[in-house]
Protein chains: 2
Amino acid sequence: MTFSEENYLKTIYHLMAVSDADISTNAIAEKMETKASSVTDMLKKLAEKELVNYIKYQGVSLTEKGQLAAKMIVRKHRLWETFLVEKLDFSWDEVHDLAEQLEHIKSEKLINKLDDFLGNPTEDPHGDAIPDASGRIIKIEKQLLSEMEKNRVGICVGVKDTSSDFLKYLDKQEIALGSQIEIIEKESFDSSFRIRVETKEITISHKIASNLYIK
Amino acid sequence: MTFSEENYLKTIYHLMAVSDADISTNAIAEKMETKASSVTDMLKKLAEKELVNYIKYQGVSLTEKGQLAAKMIVRKHRLWETFLVEKLDFSWDEVHDLAEQLEHIKSEKLINKLDDFLGNPTEDPHGDAIPDASGRIIKIEKQLLSEMEKNRVGICVGVKDTSSDFLKYLDKQEIALGSQIEIIEKESFDSSFRIRVETKEITISHKIASNLYIK
DNA sequence: ATATTTTTTTAGTCTAGTCTAAAACAATTT
DNA sequence: AAATTGTTTTAGACTAGACTAAAAAAATAT
C-alpha cells in the first residue's frame with residue numbers, strides 16, 4: 001500500500017465517522033486539498049483492491065478490509081502522537097504533522113512494540129480513541145461542551161478540532177485534558193459560555209465550546 | 001528532498017567512506033540494486049542542487065552541502081536503530097530495514113529530541129558512530145579482528161557487515177558488543193582463527209574475523 | 001418538463017523515478 | 001594503433017499520482 005492510498009483510506013474513514021451516508025468525491029477532494037479528478041482515479045484503484053465500495057456518481061464507503069486498514073493507520077497515527085508527547089516531550093499542538101509522516105512506517109511488529117512501550121494507551125493526547133492491534137476501539141461517552149446545560153460539571157476528555165491554533169488557545173486558557181469544567185452561564189445573544197475551569201472563571205465563544213468534549 | 005534523493009546521497013556517502021576516489025555510476029547502481037541509467041539521471045539532479053560534484057564519465061563525490069545532508073540521514077538512521085534496540089527491545093539484526101524507513105522522517109526537532117531521549121549516544125547498536133546535530137563524528141580507533149596478531153586481547157566494539165545473517169551468527173556464538181576477545185591461534189592454511197570469547201574458546205572463519213571490529 | 005447549476009467522470013498532460021536499448025566514451029587487449 | 005570489452009550516457013517508454021479542460025450525469029430551479 002502506498003502513502004497516497006493510505007491517506008485516502010484514512011480520509012474516507014474520518015468522513016464516514018461523521019456522515020453515515022456514502023462519501024462524495026468532492027468531500028474527499030476538499031478534505032485532502034486535491035482535485036476531484038484525482039480522487040476519482042484513486043477511488044477506482046482502491047475499488048480494484050477491494051478496499052472501498054465504489055459506484056460511479058454515487059460516492060464510496062469502506063469495505064471491511066478497507067475499514068481495518070484505515071483503523072490500522074489511525075492506530076499508528078495516534079500511538080506515534082502519544083509517543084511524541086509522553087516520551088519526547090512535544091506539546092499536543094506540535095504532533096499532528098509528525099504523526100502524518102510516522103503513520104506510514106510499515107511494520108506491525110514496530111507498532112505493537114511501541115504500543116507496549118507506551119503502556120497500551122486507549123486514548124491519544126487529544127482524547128481520541130486508539131484502536132488496538134485487532135482494530136477494536138473503546139469509545140467513551142462524551143459530549144460537546146456546547147450541548148451541555150447550565151450548571152453541569154464535567155471533565156474535559158477530548159478536543160474535536162486538533163489544529164495547532166485551537167490547541168495553543170486552550171493552553172493559554174489553561175484548559176487541558178482532565179480539567180474540571182462547570183457551565184456557569186450560557187449567553188443566548190451570541191451563544192457564548194461563561195465557564196469555570198478548575199478554579200478560574202472565563203468566557204469562551206460558541207466555536208470554542210463546540211470543539212471541547214466533556215464527560 | 002525526496003526519499004530517493006536521500007537514498008542516493010546516503011549510498012554515495014557510504015561508498016566514499018571506503019574508497020577515497022570518485023564514486024562510479026556502476027558502484028552506486030550495484031549498491032542500490034538499480035540500473036546505471038537511473039543513477040545517471042539522479043546524479044544530474046543532485047548536481048543541479050549542488051549536493052554532488054559530478055563530471056560526465058568521471059564519477060561523483062559529495063559537496064560539503066551533500067556531505068552534511070548525508071550525515072544527517074545517517075544520524076537519523078543510527079538514532080532510530082538505537083531507539084528500536086534500547087527502548088523497544090528489538091534485536092540488532094532486526095532494526096536495519098525499519099531504520100531505512102524511519103531515516104526519511106523529516107523533522108530536525110524530532111531527531112534532536114530523540115537524541116536527548118536516548119542520552120545522546122555516540123554509537124549505534126552495531127558500534128557505528130552517530131553524527132551529532134552539527135554532523136560531527138567521534139571516531140574510535142578500532143581494528144578488524146582479521147588484522148590482529150596472535151595473543152592480542154581486545155573488546156568487540158563493532159561489526160562491519162550488518163546483515164541479519166551475520167548478526168544472528170554472532171548471537172549464536174555469543175559474541176556481542178563489549179565481549180572480550182583473545183586471539184589464541186591463526187591457522188595459516190585457511191586463515192581461520194581460534195579465539196576466546198570471554199571464557200569460551202571457538203574457531204571462526206576468516207570471513208567472520210574480517211567483519212568484527214576490536215579495540 | 002425543461003433549463004440551469006453542480007458534481008463527477010473522462011481524456012489527455014505533466015513530473016519523478018524507474019526501465020530498456022542504443023550510442024558514446026573509456027579502458028584493455030592484441 | 002586498432003580492435004575489443006566494459007562503462008556511462010542518451011533517447012525514449014512506462015507507472016503512479018497529480019493536474020486541467022471538457023463531457024456526462026445528477027441535482028436544483030424555473
Side-chain angles (χ1 to χ4, degrees), chain A residues 1-13 15-16 18-62 66 69-70 73 100-101 103-106, chain B residues 1-13 15-16 18-62 66 69-70 73 100-101 103-106:
Chain A
M1 185 127 55
T2 65
F3 282 25
S4 193
E5 286 171 356
E6 290 188 342
N7 285 333
Y8 276 96
L9 283 185
K10 192 182 52 160
T11 300
I12 297 166
Y13 177 80
L15 290 170
M16 279 177 73
V18 189
S19 88
D20 280 354
D22 281 5
I23 308 306
S24 75
T25 303
N26 263 5
I28 298 168
E30 191 179 352
K31 188 128 192 207
M32 297 188 70
E33 298 184 309
T34 182
K35 300 293 167 179
S37 55
S38 309
V39 175
T40 301
D41 286 350
M42 183 56 87
L43 293 182
K44 285 182 190 165
K45 197 176 160 195
L46 294 174
E48 192 64 41
K49 293 190 173 187
E50 298 187 310
L51 292 162
V52 299
N53 304 116
Y54 170 59
I55 307 169
K56 261 194 193 187
Y57 295 105
Q58 280 174 229
V60 273
S61 60
L62 294 173
I73 300 160
E100 291 278 294
Q101 295 185 60
E103 72 191 4
H104 299 296
I105 300 294
K106 275 152 197 70
Chain B
M1 185 128 57
T2 66
F3 282 24
S4 192
E5 286 171 355
E6 290 189 342
N7 285 333
Y8 276 96
L9 282 185
K10 190 182 56 162
T11 300
I12 297 166
Y13 177 80
L15 289 170
M16 279 177 72
V18 190
S19 88
D20 280 354
D22 280 4
I23 308 304
S24 75
T25 303
N26 262 5
I28 298 168
E30 191 178 354
K31 189 129 193 208
M32 297 188 71
E33 298 184 311
T34 183
K35 300 293 166 179
S37 55
S38 308
V39 176
T40 301
D41 285 350
M42 183 56 87
L43 293 183
K44 284 180 190 166
K45 195 175 161 196
L46 293 174
E48 193 64 42
K49 294 190 175 189
E50 298 188 309
L51 292 162
V52 299
N53 304 114
Y54 169 58
I55 308 170
K56 260 194 192 184
Y57 294 106
Q58 278 172 228
V60 272
S61 60
L62 294 173
I73 300 159
E100 292 278 294
Q101 295 185 61
E103 72 189 4
H104 299 295
I105 301 295
K106 275 152 196 72

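Residue numbers start from 1 in every chain, and the chains themselves are labelled A, B, ... in the order their sequence lines are given, proteins ahead of strands. Below, each value reflects all heavy atoms present in this structure, side chains not excepted, and no hydrogens, waters or symmetry copies. On a predicted model such as this, the values are computed, not experimentally measured, just so you know.
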How far does CG of B:Asn7 sit from CE of B:Met42, to the nearest 0.5 angstrom? 8.5 Å

Ignoring hydrogens and geometry, is there a side-chain-to-backbone donor-acceptor pair from B:Glu5 to B:Leu46 under 3.5 Å? no

Atom CG of A:Leu43 and atom C1' of C:dT10: how far apart are they, to the nearest Å? 14 Å

Rounded distance in Å - CD (B:Glu48) to P (C:dT15): 15 Å

Pick one: which of B:Val39, B:Ile12, B:Asp22 meets side-chain contact (heavy atoms from CB on, under 4.5 Å) with B:Val60? B:Ile12

Can you tell me how far CD1 of B:Ile28 sits from CD1 of B:Ile23, rounded to the nearest 0.5 angstrom? 7.0 Å

What is the distance, rounded to the nearest whole Å, between atom NZ of A:Lys35 and atom P of D:dT20? 5 Å

Output the rounded distance in Å from NZ (B:Lys56) to C1' (D:dT9). 7 Å

For atom OH of B:Tyr57 and atom C1' of D:dT7, their distance in whole Å: 9 Å

How many Å lie between CD on B:Glu33 and C1' on C:dC19, as a whole number? 16 Å

Here the distance between atom C1' of C:dA26 and atom CG of B:Asp22, to the nearest Å, is 15 Å

For B:Thr25, which contact category applies under a 4.0 Å heavy-atom criterion: base, sugar-phosphate, or nothing? sugar-phosphate

On DNA chain D, compare the nucleotides closest to B:Asp41 and A:Gln58; which residue's is nearer the 5' end? B:Asp41

Which is true for B:Phe3 with a 4.0 Å heavy-atom rule: it touches a base, it touches only sugar-phosphate, or it touches nothing? nothing

In whole angstroms, how far is the P atom of D:dT8 from the CG atom of B:Asn26? 4 Å

Measure from the side chain of A:Ser24, starting at C-beta and using heavy atoms only, and say which of D:dT20, C:dT8, C:dT9 lies closest. C:dT8

Candidate nucleotides C:dT10, C:dT18, D:dT10, ranked by approach to the side chain of A:Lys44 - the nearest: C:dT10

Below 4.0 Å: OP1/OP2 of D:dA16 and any side-chain N or O of A:Tyr8: no

Hey, does A:Ser38 reach any base, or is it just sugar-phosphate, or nothing, if we go heavy atoms under 4.0 Å? base

Phosphate OP1/OP2 of C:dT18 contacted by B:Ser37 side-chain N/O (<4.0 Å): no

Does B:Thr40 use its side chain to pair, donor to acceptor, with the backbone of B:Ala36 at less than 3.5 Å? yes

Look at all strands and tell whether B:Ser4 reaches a base, only sugar-phosphate, or nothing, counting heavy atoms closer than 4.0 Å. sugar-phosphate

